[in-house]
Novice: 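Can you keep this structure in mind? I'll have questions shortly.
Hydrogens, waters and symmetry mates are skipped; everything else that's a heavy atom, side chains included, is used.
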Amino acid sequence: EGISPDGGLFLPEEIVSVDYRSLLEASYLEPAFALLRPYLDDFSDDEILAAVQAAYSPASFPEKVFGLHQDKTEAFLELFHGQTLTFKDMALSLLPHLMDVALMKHPEVGDVRILTATSGDTGSAVLSSFASSKHVKVSVLYPDGGIAPFQEKQMLSFTSPRGRAYALKDANFDDCQSLVKKLLLKKEKGITYSSANSINVGRLLPQIVYYYASYIALIKKGFIKEDEPLDVVVPTGNFGDIFAEKKKKK
């Protein structure tokens, strides 16, 4: 489910502490597993590992998962190495694999339809990441004339029998998001509606990983010392990215 029955967000009851020191020599996969494991307690270790390995494989991230560019007192986190060149790939590459595992555990939910509103980046990442899914269909809503031409062309290039983008005339992003939230609460026999927007906890959890991974990378590069505080500046139109940044050092 992409949203709770009362229209709010699903959130963990507790923010789990993970010691980054145990991950100093790890690749991206180990922090991903370590940070997801406490929250996905109905998944086995093997299921989480398989999903993480499939999501962050060279097929999805040919060169590297993320990068860091240092410039004197600032460092810039590169989150554009995925299939659609946006930070949305970081979480959405994993969500379809988690969704497939969940569907194997709960076949009774029937058909799953992903409903997503986008102001540009999310739509392409969702359509791209779910393109190979055999069980999930995707519908993306975007404001007609309200996104960049490149984003619209990229999104439409991922159109398939299982995924399609729809332009809403005389609408803005908030209109699209409101319609998605309304539809998510709709009950229909044999169909389960979910979302790939940041209202879905399955989108938020994978985003925690690159904050840890970047902190570890900065320590290894000598840019900061262990336990040194770090200010993070996040350009974001909505709240999903920065929302994932809340964490503990130990």
Novice: When you look at L94 and L36, which way does the side chain to side chain contact (heavy atoms under 4.5 Å, CB included) test go after all the steps?
Specialist: CA-CA 11 Å; L94 180 59; L36 290 169; 3.5 Å; yes
Novice: Is it true that, when you exclude D71 itself, more than 12 heavy atoms of the residues, nucleotides or ligands shown sit nearer than 6.0 Å to its CG?
Specialist: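 Enclosed: over 12 neighbouring heavy atoms sit under 6.0 Å from CG of D71.
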Novice: Applying side-chain hydrogen bond (donor to acceptor under 3.5 Å, both in side chains) to T84 and D89, what does each step give before you reach the verdict?
Specialist: CA-CA 7 Å; T84 66; D89 292 323; 2.8 Å; yes
Novice: Do L9 and L95 sit in one hydrophobic cluster, given that two such residues count as connected whenever their side-chain heavy atoms are within less than 4.5 Å of each other, even indirectly?
Specialist: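 The answer is no; the residues belong to distinct hydrophobic clusters.
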Novice: When rounded to the nearest 0.5 angstrom, what distance separates OG1 in T116 from CZ in R203?
Specialist: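 Separation between the atoms: 8.5 Å.
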Novice: Grouping I, L, V, M, F, W and Y whenever their side-chain heavy atoms are under 4.5 Å apart, do L68 and L23 come out in a common cluster?
Specialist: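 In one cluster with L68: L23, yes.
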Novice: Look up atom CD in Q70 and atom OG1 in T73, then write down how far apart they are to the nearest 0.5 Å.
Specialist: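 One finds 11.0 Å between CD of Q70 and OG1 of T73.
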Novice: Are any of the side-chain heavy atoms of S194 and N200 separated by less than 4.5 Å?
Specialist: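 Contact flag for S194/N200 side chains = yes.
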Novice: Hey, is CD on E63 packed in by over 12 heavy atoms from elsewhere, all under 6.0 Å?
Specialist: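 For E63, atom CD is not crowded (no more than 12 foreign heavy atoms under 6.0 Å).
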Novice: Parallel, tilted or perpendicular: which fits the ring planes of Y56 and F61, with parallel below 30° and perpendicular above 60°?
Specialist: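 Y56 vs F61 ring planes: tilted.
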Novice: Please check if the distance between the ring centroids of Y166 and Y142 is under 6.0 Å.
Specialist: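 Ring centroids of Y166 and Y142 are no less than 6.0 Å from each other.
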Novice: Which atoms form the tightest heavy-atom contact between S93 and A55, and what is the distance?
Specialist: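 What the structure gives for the nearest pair is O-CB, 3.3 Å.
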Novice: Regarding K169 and D175, does a basic nitrogen lie under 4.0 Å from an acidic carboxylate oxygen?
Specialist: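 So K169 does not pair with D175 through a salt bridge.
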Novice: Run the numbers on L168 and F173 for side chain to side chain contact (heavy atoms under 4.5 Å, CB included), then give the verdict.
Specialist: CA-CA 9 Å; L168 269 62; F173 171 77; over 6 Å; no
Novice: Calculate, to the nearest 0.5 Å, the distance between atoms CE and OG belonging to M155 and S124 respectively.
Specialist: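 Answer rounded to 0.5 Å: 5.5 Å.
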Novice: Supply the atom-to-atom distance D144 CG to N172 CG, rounded to the nearest 0.5 angstrom.
Specialist: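 The CG atom of D144 sits 12.5 Å away from the CG atom of N172.
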Novice: Is R37 salt-bridged to D45, cutoff N-O under 4.0 Å?
Specialist: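 The answer is yes: the pair qualifies as a salt bridge.
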Novice: Any idea how F87 and Y210 line up, ring-wise: parallel (<30°), tilted (30 to 60°), or perpendicular (>60°)?
Specialist: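 Perpendicular, since the angle between the ring planes exceeds 60°.
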Novice: Identify whether the distance between the nearest side-chain nitrogen and carboxylate oxygen of R113 and D111 falls below 4.0 Å.
Specialist: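 Yes, this pair counts.
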Novice: How many angstroms lie between CD1 in I224 and CD1 in I219, if you round to the nearest 0.5 Å?
Specialist: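 Separation between the atoms: 5.0 Å.
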Novice: Do S198 and K88 come within less than 4.5 Å of each other through their side chains, counting heavy atoms only?
Specialist: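 When only atoms from C-beta onward are counted, K88 and S198 do not touch, as no gap falls below 4.5 Å.
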Novice: Shared ILVMFWY cluster between M90 and F76, side chains joined below 4.5 angstrom?
Specialist: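 The answer is no; the residues belong to distinct hydrophobic clusters.
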Novice: With side-chain hydrogen bond (donor to acceptor under 3.5 Å, both in side chains) as the criterion, how do D46 and S44 come out once you've worked through the C-alpha distance, each side chain's angles and the decisive distance to 0.1 Å?
Specialist: CA-CA 5 Å; D46 287 343; S44 71; 5.4 Å; no
Novice: For K225, is there any backbone N or O sitting under 3.5 Å from a side-chain donor or acceptor partner on E228?
Specialist: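 Checked: pair present.
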Novice: Hey, could you give me the CD/OG1 distance between E152 and T118, rounded to the nearest 0.5 Å?
Specialist: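 Reported to 0.5 Å precision, the distance equals 11.0 Å.
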Novice: Do any N or O atoms from the side chain of S133 and from the backbone of F130 form a donor-acceptor pair under 3.5 angstrom?
Specialist: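 Checking the backbone N and O of F130 against the side chain of S133, no donor-acceptor pair under 3.5 Å is found.
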Novice: Report yes if some heavy atom in the side chain of N197 is under 4.5 Å from a heavy atom in the side chain of T122; otherwise report no.
Specialist: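 Yes; the side chains approach each other to less than 4.5 Å.
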Novice: Minimum heavy-atom separation for S129 and P96, please, with both atom names.
Specialist: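 That would be O-CG, 3.5 Å.
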Novice: How would you list, by chain and number, every residue that makes a ring-ring contact (aromatic ring centres under 6.0 Å, His included) with F66, sequence neighbours excluded?
Specialist: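 ring-ring contact (aromatic ring centres under 6.0 Å, His included) check on F66 returns Y28.
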Novice: Apply the test side chain to side chain contact (heavy atoms under 4.5 Å, CB included) to residues V180 and L141: give CA-CA distance (whole Å), side-chain angles for both, the deciding distance (0.1 Å), then the verdict.
Specialist: CA-CA 8 Å; V180 164; L141 307 182; 4.0 Å; yes
Novice: Are V52 and L79 connected, step by step, through hydrophobic side chains (Ile, Leu, Val, Met, Phe, Trp, Tyr) whose heavy atoms are closer than 4.5 Å?
Specialist: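 Cluster IDs for V52 and L79 match.
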Novice: Whether the S27 and E30 side chains hold a donor-acceptor pair (N or O, under 3.5 Å, no angle test) is what I'd like checked.
Specialist: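 E30 and S27 do have a side-chain donor-acceptor pair below 3.5 Å.
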Novice: When hydrophobic residues are tied together by side-chain contacts of less than 4.5 Å, even through go-betweens, does M104 share a cluster with L49?
Specialist: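 Result: yes, single cluster for both.
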Novice: For K182, does the NZ atom sit with more than 12 other heavy atoms under 6.0 Å from it, leaving out its own atoms?
Specialist: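 Open.
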Novice: Is there a donor-acceptor contact under 3.5 Å from the side chain of Y39 to the main chain of V16?
Specialist: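 Yes: the side chain of Y39 pairs with the backbone of V16.
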